[in-house]
Amino acid sequence: MNHEKLSLRLERVAIHIPEGSILADIGSDHAYLPCYAVKKGLVKKAIAGEVSEGPYQSACNKVSETGLGEHIAVRKGDGLEVLSPGEATAISIAGMGGALISSILENGKTKLSNVKKLILQPNVGANHVRMWLIENGWELVDEEILEEDGKIYEILAAEPGDPLKPYGEEKESGLLFGPFLMKEKNDAFIKRWTLEKEHWKKISGQLSAVAPNPETEERRNVLLARIKMAEEALGI
């Protein structure tokens with residue numbers, strides 16, 4: 001992977017960047033996504049944010065190597081603190097856990113005033129991201145789920161709007177499985193949730209074998225409810 005040819009995961013993230021945006025890519029690593037977006041004419045300018053020294057230097061080197069320093073600013077800082085309020089019109093955060101992505105957005109809410117699009121790719125815990133979007137007035141407008149190199153990834157795209165619109169009467173299952181992904185049910189979706197369902201069944205069986213107490217019973221009931229939702233989402 002490089003700035004000319006992204007991984008499938010980042011290529012699909014790039015698809016959701018609105019043309020002409022000022023993109024802030026948070027946790028940019030080698031700045032592959034900003035460099036690609038500028039090279040392809042998707043964005044006018046970009047900011048690559050990194051909190052760690054190693055990835056920050058890698059991003060600086062890549063931007064210098066590609067000659068895109070006039071269009072891409074590489075900044076070191078925690079989450080959205082690398083931005084000025086209203087500076088970015090699109091924000092991408094990819095390759096982190098959903099809880100961390102939600103925390104970054106929550107801590108940087110003052111920087112979102114001019115943002116028209118969030119493109120978020122949680123490695124795990126996408127339900128945390130969906131809940132944050134609902135609680136903060138962001139409408140989920142598209143989702144993707146894909147498999148690459150044996151790993152399954154979800155991509156969520158959101159805009160300011162009606163946060164409950166995509167869910168209808170299926171908010172609980174939609175938060176967990178994704179309202180758009182549940183409708184599409186592609187191969188990656190079926191594989192992901194079939195494996196997760198079997199994992200939940202195994203844990204539930206282990207819990208039923210131990211001496212009952214309120215804590216284990218509550219956990220088992222949660223798992224049983226999730227197993228039932230998964231079976232419904234998979235059409236079993």
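Under the 3.5 Å distance criterion, the side-chain polar atoms of Asn127 are left unmatched by any main-chain donor or acceptor of Leu176. Counting only distance, with no hydrogens or angles, the side chain of Ser28 and the backbone of Gly49 share no donor-acceptor pair below 3.5 Å. At distances below 3.5 Å, not a single donor-acceptor pair connects side-chain atoms of Ser64 with backbone N or O atoms of Cys60. Side chain of Glu50 to main chain of Pro55: no donor-acceptor pair is present (N/O by atom type, distance under 3.5 Å, no hydrogens or angles). Between the side chain of Thr216 and the backbone N or O of Pro212 there is no donor-acceptor pair closer than 3.5 Å. Between the Ser103 side chain and the Ala99 main chain, no donor and acceptor come within less than 3.5 Å of each other. Formation of a donor-acceptor pair under 3.5 Å by the Ser208 side chain with backbone atoms of Gly205 is found in this model.
Not counting sequence neighbours, the partners of His30 by the ring pair (Phe, Tyr, Trp, His ring centres under 6.0 Å) test are Tyr32. Shown here are the salt bridge (charged side-chain N to carboxylate O under 4.0 Å, His left out) partners of Lys151, two or more places apart in sequence or in another chain: there are none. Tyr153 is linked by a ring pair (Phe, Tyr, Trp, His ring centres under 6.0 Å) to nothing, counting only residues two or more places apart in sequence or in another chain.
Put simply, CD1 on Ile91 and CG on Leu120 are 9.0 Å apart, with the number rounded to the nearest 0.5 Å. From Leu175, atom CG reaches atom NE2 of His128 across 11.0 Å, with rounding to the nearest 0.5 Å. To the nearest 0.5 angstrom, Leu133 atom CG is 11.5 Å from Leu164 atom CG. Here Glu147 contributes atom CD and Asn186 contributes atom CG; the two are 10.0 Å apart, rounded to the nearest 0.5 Å. For the atom pair CD of Glu19 and NZ of Lys40, the computed distance is 13.0 Å after rounding to the nearest 0.5 Å.
Ring geometry, Trp200 versus Trp193: the interplanar angle falls from 30° to 60°, so the pair is classed tilted.
Using a 4.5 Å cut-off between side-chain heavy atoms of Ile, Leu, Val, Met, Phe, Trp and Tyr, with links allowed through other members, Val129 and Leu112 fall into the same hydrophobic cluster.
Residues in residues 113-134 take part in these salt bridge (charged side-chain N to carboxylate O under 4.0 Å, His left out) pairs, two or more places apart or across chains: Lys117-Glu159, Arg130-Glu143, Arg130-Glu154. Pairs of residues two or more places apart, or lying in two chains, that qualify as salt bridge (charged side-chain N to carboxylate O under 4.0 Å, His left out) and include a residue from residues 194-220 are Lys201-Glu231. The side-chain hydrogen bond (donor to acceptor under 3.5 Å, both in side chains) pairs that include a residue from residues 163-184 number zero, where partners must be two or more places apart or lie in different chains.
A salt bridge between Glu11 and Lys5 is present, with a side-chain N of the basic residue lying under 4.0 Å from a carboxylate O of the acidic one. With salt bridges taken as basic N to acidic carboxylate O contacts below 4.0 Å, one links Glu87 and Arg75. Ion pairing between a basic and an acidic side chain is recognised when a charged N comes within 4.0 Å of a carboxylate O; Glu53 and Lys76 show such pairing.
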- Residue pair Trp138, Val115: steps toward the side-chain contact (heavy atoms from CB on, under 4.5 Å) verdict: CA-CA 11 Å; Trp138 289 85; Val115 174; 3.8 Å; yes
- Task: Would you sort out whether His199 and Ile203 count as a side-chain contact (heavy atoms from CB on, under 4.5 Å), showing the intermediate values?
- Result: CA-CA 6 Å; His199 178 62; Ile203 296 173; 3.3 Å; yes
- Message: The test is side-chain contact (heavy atoms from CB on, under 4.5 Å); show your working for Ile155 and Leu146 and say whether it passes.
- Response: CA-CA 9 Å; Ile155 299 167; Leu146 59 98; 3.9 Å; yes
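Crowding of Lys185 atom NZ: a count of heavy atoms from other residues, nucleotides or ligands under 6.0 Å exceeding 12. Shown here is Asn61, whose CG atom has more than 12 heavy atoms of other residues, nucleotides or ligands within 6.0 Å.
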